[in-house]
Amino acid sequence: MTWPDTPKFRGFFAPSRIEADVYDLEVEGRIPPELSGAFYRAAADTQYPPRFPNDVYINGDGMIHMVRFENGHADLKTKYVRTRRFELERQARQALFGAYRNPYTDDPSVLGVDDGNANTSIIWHAGKLLALKEAALPYELDPVTLETKGIYDFSGQIPGRTFTAHPKHDPRTGELIAFAYNASGLPDKQIHIYEISASGKVIRSQTFEVPYSSMVHDWLVTRDHFVFTISPMVADPEQRKTEEQYFVWDPNQETYVAIIPRAEGVSGIRWFRSEQLMETHSLNAWTDGHTLVADHFTTKSGWFSQFPKTTVGLLPEQPPFLHRWTFDLKGGAPHWGDATDTYRSEQLIASPGDMPRVDPRVLMEKNRHAWIGGMHPDVPKCEVGPMGPPFNSLIHRDDHTGETTFWAPGEHAAPEEPVFVPKSDAAAEGEGYLLALIGRRDQNRHDLAILDALDIAAGPIATVKIPFRLRYGFHGTWVPDSELSK
């Protein structure tokens, strides 16, 4: 068991590999009594040293972290997702799968075996807890024990091999709106859209074609439209035979935006041109008449900390910034080759950041409040990690006033993605709590901070102490007791 001596596998960012149950975690302050439910977070926690020392961080095995809140108490459970990949490698006591999404780098013993690792995000839909990875189908987990129930394809209704890590819940209808790209398991030009009812039935499935096989990590959905950004993080099926890296930034390709009306479907698609960039994560979007507004983080480079090779040599990675794009829906073209119209872009926050959240009850409509992981210029930066500079603060933005406030956990600490929890079903937008894991670099462990979402500058209402280090993770969710009890 010798790990590569690289930033992805040493120090605070080394694999943790701890599966644990810790009851009654130490708490500073008082946990609000309204917090009754479970906070879940997905992480990539590599089980065995990789076959390639420069393996990307996002290729690690799925580890789920759960903090269960009940009557002012907080209990921790951490557990690996028992994917087919995980089980085979545990039996072999070594890594068998090679580079991210590249079967040509796998051990021959796992030829044709699904390599999904369920490590990117976790959602609750139709009474099921699902761990997601955009390169594979979801895995269903027991919401109490975190035991793995197996691959979940919505009872055979999702025919491909992939499913987005960023589906969108429609708060009005309870529907789950999702998509898949490279669903064949190979790079291709098709994107599949799925509309899934509150009970888990796929009520509509449709497909459209994009200019080239692009990494489409996130997207935007309004009450009336789907919005896809097609960026030149390109996958080539032939390249995989000679290069281990799946995605390559190709600045010779143009960037496009596809807007699809939900009612009409892909037959009504309109294409817009964009400056060259990549969308990292979306915040929210809404439609107002012939105007569509989309708030999301974009960067003018590829994701070079994970996929450094480009068609023009090595390039510096640029940080993402929050932008608002405004489209005139009377424009656009029915085919990307004919697109000439663009959009109006406005940067909303001066400092870089990512991992944004809104109150989920106002998704697909204009929101007032937003929270992000930020890199505030007035706060010292933490040690650079495997994903680039970590956040040094959490930022709240009020869209009515344009004002921002922030909270920083300390010089040697970095917050991860925030999750919003409303105080009650009847609470106004933004009235609730912000939950975020905090990596304490100097103490080699984590906290879970609980803040008043509309007054984060006041600092935590309560801090839940986790007595060991969790591996740096990605996306999380909150499931209230009212759902878990079902």
Side-chain angles (χ1 to χ4, degrees), residues 12-13 16 18 20-43 63-78 122 353 355 357 369 371-376 378-383 385 390-396 405-423 430-481:
F12 192 84
F13 302 100
S16 169
I18 297 175
D21 286 290
V22 185
Y23 290 87
D24 280 315
L25 294 164
E26 179 186 351
V27 178
E28 287 184 4
R30 179 173 175 267
I31 296 172
E34 303 97 317
L35 277 180
S36 184
F39 166 85
Y40 300 95
R41 193 276 295 265
M63 173 75 85
I64 305 303
H65 306 135
M66 175 179 73
V67 179
R68 185 76 163 85
F69 292 92
E70 189 175 15
N71 298 324
H73 298 267
D75 304 325
L76 173 72
K77 182 183 287 289
T78 63
I122 188 161
M355 303 296 205
R357 284 295 180 109
H369 301 287
W371 300 268
I372 69 169
M375 289 173 268
H376 200 283
D378 298 334
V379 178
K381 293 180 180 178
C382 262
E383 165 196 1
F391 305 137
N392 61 16
S393 56
L394 296 175
I395 297 175
H396 167 249
T405 56
F406 74 96
W407 171 71
E411 183 176 356
H412 301 291
E416 300 181 19
E417 179 199 59
V419 170
F420 175 84
V421 182
K423 286 186 177 180
E431 288 187 359
Y433 304 103
L434 207 64
L435 276 57
L437 284 165
I438 311 297
R440 299 286 181 188
R441 307 291 196 267
D442 55 339
Q443 300 175 36
N444 202 37
R445 63 172 193 83
H446 270 76
D447 287 336
L448 179 63
I450 303 170
L451 301 107
D452 183 325
L454 295 180
D455 189 17
I456 64 172
I461 297 169
T463 301
V464 179
K465 302 284 189 176
I466 295 173
F468 56 88
R469 175 179 58 84
L470 306 173
R471 202 175 196 214
Y472 184 95
F474 305 122
H475 305 291
T477 194
W478 169 261
V479 182
D481 262 337

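Bear in mind that the values here come from a model prediction, so they are computed numbers and not experimental data.
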Distance (rounded to the nearest 0.5 Å) between [X] [atom1] and [Y] [atom2]:
| X | Y | atom1 | atom2 | value |
| --- | --- | --- | --- | --- |
| Ile450 | Leu434 | CD1 | CG | 10.5 Å |
| Glu416 | Leu435 | CD | CG | 13.0 Å |
| Arg445 | Ile438 | CZ | CD1 | 11.0 Å |
| Asp75 | Asp24 | CG | CG | 5.5 Å |
| Phe12 | His446 | CZ | NE2 | 4.5 Å |
| Ile18 | Met63 | CD1 | CE | 8.0 Å |

*Can you say whether the rings of Trp478 and Phe69 are parallel (under 30°), tilted (30 to 60°) or perpendicular (over 60°)?*
tilted
*Where do Phe39 and Val421 land on the side chain to side chain contact (heavy atoms under 4.5 Å, CB included) test, with the steps shown first?*
CA-CA 10 Å; Phe39 166 85; Val421 182; over 6 Å; no
*Quick one: does NZ or CZ of Arg357 land under 6.0 Å from the six-membered ring centre of Phe420, within 45 degrees of the ring axis?*
no
Do the side chain of [X] and the main chain of [Y] share a donor and acceptor less than 3.5 angstrom apart?
| X | Y | answer |
| --- | --- | --- |
| Glu417 | Gly476 | yes |
| Trp371 | Leu394 | no |
| Thr477 | Tyr40 | no |
| Ser16 | Arg469 | yes |

*Where do Ala462 and Ile31 come nearest, in terms of heavy atoms and distance?*
CB-N, 4.0 Å
*In terms of heavy-atom contacts, does CD of Gln443 have more than 12 from other residues, nucleotides or ligands at under 6.0 Å?*
yes
*Does the side chain of Asn392 come under 3.5 Å of the side chain of His376 through a donor N or O and an acceptor N or O?*
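No donor-acceptor contact under 3.5 Å links the two side chains.
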